[in-house]
Colleague: 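Here's a structure for you.
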Amino acid sequence: MATTKIWAIRNSLSDSVEYVKNPLKCALEYISSEGKTLTRELQTGINCDVDNCLDEMQDVKYQFGKQGGIVAHHAEQSFMPGEITPLKAHEIGVKFAEKMWGDRFQVIVCTHTDKEHIHNHFLINSVSYIDGKKYDGCKATYRKIREYSDQLCRDNELSIVTSPKGRGVSKTLTLLPSRDNQVLG
């Protein structure tokens, strides 16, 4: 099941970038075909280079004269423990970010593997690089976030939250029929 949440960042864009890109949280060690242990950081930039995202996001803010107020939005998509691999979670996260924000905003997608549940972090520039308008994080937008995340979960035979009861409240989960129709909660 992928739960989602999003919140506004009003303080430091650089602190947020540092947190989501923390290599201790979003590194995947694997054995290569040559038998060598390699590390891959699960980070992708959309409409920006992940290595230069802070400068590129700040450049857009300066270009449109919108350095104050909300500096970014931070979203998270968390999967049920043991249900997904880090690479698949990252692939889903990139698709999710491209669909939700990729037509107008710069986004970095970082998949964290440091907890039992694999989760994606999305840092979205609050200012559109296309027209300089600010991101509208209203309830209708959050509903679209939930709906599209659920659709990606269905498409990938992952469980979804079937009856969300609000923030900070236990949720009922249903696995798809191909997953034994089991109900968790």
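This chain uses plain numbering: 1 for the first residue, then up along the sequence.
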Colleague: Indicate yes or no: at least one non-hydrogen side-chain atom of Q77 is less than 4.5 angstrom from one of I92.
Modeller: yes
Colleague: Which of these passes side-chain contact (heavy atoms from CB on, under 4.5 Å) with I46: V109, I124, D103?
Modeller: V109
Colleague: What is the ring orientation for F96 with W101, classed by angle as parallel under 30°, tilted 30 to 60°, or perpendicular over 60°?
Modeller: perpendicular
Colleague: Same cluster or not: are V94 and V20 linked, directly or through other Ile, Leu, Val, Met, Phe, Trp or Tyr residues, by side-chain heavy atoms under 4.5 angstrom apart?
Modeller: no
Colleague: Do you know which two heavy atoms are closest between V107 and A97, and how far apart they sit?
Modeller: CG1-CB, 4.0 Å
Colleague: What is the minimum heavy-atom distance between T141 and M100, and which atoms define it?
Modeller: O-CE, 4.5 Å
Colleague: Sub-3.5 Å donor-acceptor pair from the side chain of K21 to the main-chain atoms of I108, do we have one?
Modeller: no
Colleague: Quick check against the 3.5 Å criterion: does T4 have a side-chain atom that pairs as donor or acceptor with the backbone of I145?
Modeller: no
Colleague: I need the minimum non-hydrogen distance between I118 and T85, along with the two atoms involved.
Modeller: CD1-C, 3.8 Å
Colleague: Taking side chain to side chain donor-acceptor pair (under 3.5 Å) as the test, write out the residues that go with R104, two or more places apart.
Modeller: D131
Colleague: Rounded at 0.5 Å granularity, tell me how far CD1 in I84 sits from OG in S78.
Modeller: 11.5 Å
Colleague: With sequence neighbours excluded, what pairs up with H121 under the ring-ring contact (aromatic ring centres under 6.0 Å, His included) test?
Modeller: Y19, H74, H112, H119
Colleague: Nearest heavy-atom pair of I160 and C153: which atoms, and what distance?
Modeller: CG2-CB, 3.5 Å
Colleague: Hey, does F79 have a side-chain heavy atom less than 4.5 Å from the side chain of N120?
Modeller: yes
Colleague: Measuring from C53:SG to Q106:CD, what's the distance to the nearest 0.5 Å?
Modeller: 9.0 Å
Colleague: Can you name the residues that form a side chain to side chain donor-acceptor pair (under 3.5 Å) with E56, not counting sequence neighbours?
Modeller: none
Colleague: Please list, chain by chain and in numerical order, all residues satisfying side chain to side chain contact (heavy atoms under 4.5 Å, CB included) with K5, sequence neighbours excluded.
Modeller: W7, E76
Colleague: Distance from D55 atom CG to C48 atom SG, nearest 0.5 Å?
Modeller: 11.0 Å
Colleague: If we ignore angles and hydrogens, is there a donor and acceptor under 3.5 Å between the side chains of Q151 and D155?
Modeller: yes
Colleague: Using atom types as modelled and distance alone, determine if a side-chain donor or acceptor of N156 lies under 3.5 Å from a backbone N or O of L158.
Modeller: no
Colleague: Working to the nearest 0.5 Å, report the span between OG of S126 and NZ of K66.
Modeller: 9.0 Å
Colleague: The criterion is side chain to side chain donor-acceptor pair (under 3.5 Å); which residues satisfy it with D150, sequence neighbours excluded?
Modeller: none
Colleague: In terms of hydrophobic clustering (I, L, V, M, F, W, Y; side-chain heavy atoms under 4.5 Å; direct or indirect links), are L152 and I6 co-clustered?
Modeller: yes
Colleague: Please check if the side chain of Q43 supplies one atom and the backbone of V50 the other of a donor-acceptor pair under 3.5 Å.
Modeller: no
Colleague: Run L13 and K61 through side chain to side chain contact (heavy atoms under 4.5 Å, CB included) and show every step you take.
Modeller: CA-CA 11 Å; L13 181 59; K61 292 176 185 312; 3.9 Å; yes
Colleague: State the NZ-OG distance between K99 and S149, to the nearest 0.5 angstrom.
Modeller: 13.0 Å
Colleague: Hydrophobic clustering (ILVMFWY, side-chain heavy atoms < 4.5 Å, transitive) - are Y135 and I130 grouped together?
Modeller: no
Colleague: For the CD atom of Q58 and the OG atom of S14, what is their distance to the nearest 0.5 Å?
Modeller: 7.0 Å
Colleague: Quick check: are there more than 12 heavy atoms from other residues, nucleotides or ligands sitting under 6.0 Å from CD of Q67?
Modeller: yes
Colleague: Answer yes or no: does atom NZ of K134 have more than 12 heavy-atom neighbours from other residues, nucleotides or ligands under 6.0 Å?
Modeller: yes
Colleague: How close do A72 and L123 get, counting heavy atoms only, and between which atoms?
Modeller: CB-CD1, 4.0 Å
Colleague: Quick one: does I9's side chain get under 4.5 Å of H73's, heavy atoms only?
Modeller: no
Colleague: Among all residues two or more places apart in sequence or in another chain, which pass the side chain to side chain donor-acceptor pair (under 3.5 Å) test with H117?
Modeller: none
Colleague: Could you tell me whether K88 and E91 make a salt bridge, using a distance below 4.0 angstrom between a side-chain N and a carboxylate O?
Modeller: yes
Colleague: Are any side-chain N or O atoms of N125 and backbone N or O atoms of F105, one a donor and one an acceptor, separated by less than 3.5 Å?
Modeller: no
